[in-house]
Amino acid sequence: MLKNYSSITEFYLLGFPGSKELHNILFATFFFFYSVTLIGNMVIILTVCVDKRLQSPMYFFLAHLSVLEILITSVAVPVMLWGLLLPGMQAVSLSACCVQLYLYLSLGTSELLLIGAMAVDRYVAVCNPLRYTIIMNSRTCLWVVIVSWVFGFLFQIWPVYATFHLTFCKSNVLDHFYCDRGQLLKLSCDNSLFTEFILFLMAVFIIVGSMIPTIVSYTCIVSTILRIPSGSGRRKAFSTCASHFTFVVIGYGSCLFLFVKPKQTQAAEYNRVASLMVLVVNPFLNPFIFTLRNDKFIEAFRNVMKRCYQLLRD
């Protein structure tokens, strides 16, 4: 399958190694995760949109985070599931590979920016509650979301262009279940060290840039909570941030393993595991992290279910 650059029109995804029985088990597992991800995040979006008690900045951001989670996992997981059903390697066109990588990186960038904005929102709610509605008004929240989406899609134009501007002459077989940038760089016969270094710096800029407001916000939040005299007050203040903080730890941990690495062309097994965390596990956990211990959301969800039941009866 060796081809020169001028004749490459498609790549072949190796997917997961192993027997057909293993592929069937992986398909059932990932299909379950993907289904729960779609249903859970759609429940969050629907509940936030329908119930008026959830019309606050925190839930507004949560609904957009759920939209991003659905889109991110849908960029690669359906292709991965289809590949598990095929007997051999899965073919993907050059243009489809480019679009998939661009959407994956752009949506991931937008999500990181939104996570940082959610941390600032929790800081204002805990540390400056009297001015919360003034600072985090509907116009501010809307602009934060718009900037997150637009910046994410604009920021990743050059990295994707630089990746596909390389000459692929070694092979057109990607040892992955989606168009991973590290594997694409591995197939290049150009000297891509400078490009890899720039991509590394850009990944650091996005992840660290969104981590700084998150770390500063939670440092101030912890300091404020520790100064609250009553134990019940401290628990109440911490409960408003616990879900987001849990998601931050899992999300940033996965991204650091996947993106912030000096050499993009490292072991395919490492990339597969880290990619599964970002594409499958994190979106799957999102609905549980933000809703299981959220009494306000649970009550709103029950009311939505009651209204749906009454509509069906009528």
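These figures come from a predicted structure and were not determined experimentally. Atom set for the values below is all heavy atoms of this structure, side chains included, hydrogens, waters and symmetry mates excluded.
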*Answer yes or no: is the gap between the SG atoms of Cys179 and Cys98 smaller than 2.5 Å?*
no
*For the residue pair Tyr218 and Phe245, what are the closest heavy atoms and their distance?*
OH-N, 3.3 Å
*Take Gln183 and Lys186 through the side-chain contact (heavy atoms from CB on, under 4.5 Å) test and state the conclusion after the steps.*
CA-CA 5 Å; Gln183 292 300 308; Lys186 193 175 181 179; 4.0 Å; yes
*asked:* Could you report the tightest heavy-atom contact between Ile45 and Ala63, atom names first, then the distance?
replied: CG1-O, 3.7 Å
*Considering non-hydrogen atoms only, spot the tightest contact between Ile70 and Ser74 and give its length.*
O-OG, 2.7 Å
_Gly251 versus Asn282, closest heavy-atom pair with distance_ = CA-ND2, 3.9 Å
*With side chains defined as the heavy atoms from C-beta onward, is the minimum distance between Val92 and Val79 less than 4.5 Å?*
no
*Do Glu196 and Ser188 come close enough that some side-chain heavy atom pair is under 4.5 Å?*
no
*If you look at every heavy atom in Phe297 and Ile44, which pair is closest and at what distance?*
CZ-CA, 3.8 Å
*So, do Phe16 and Phe30 have ring centers that fall under 6.0 Å from each other?*
yes
*Establish, from distance only, whether the side-chain atoms of Asn294 and Thr291 form a donor-acceptor pair under 3.5 Å.*
no
*For Tyr123 and Asn128, does a side-chain donor sit closer than 3.5 Å to a side-chain acceptor?*
no
_For Tyr252 and Ser210, which I'm curious about, is there any donor-acceptor pair between the side chains at under 3.5 Å?_
yes
_Heavy-atom side-chain contact between Val280 and Tyr34 under 4.5 Å_ = no
*What class does the angle between the rings of Phe247 and Phe290 fall in, given that below 30° is parallel, 30 to 60° is tilted and above 60° is perpendicular?*
tilted
*Of all heavy-atom pairs between Ser110 and Gly152, which one has the smallest distance, and what is that distance?*
OG-CA, 3.5 Å
*Please tell me if the side chains of Leu68 and His64 come closer than 4.5 Å, counting only heavy atoms from C-beta onward.*
no
_Point-to-point distance, once rounded to the nearest 0.5 Å, from CZ of Phe151 to CG of Leu112_ = 11.0 Å
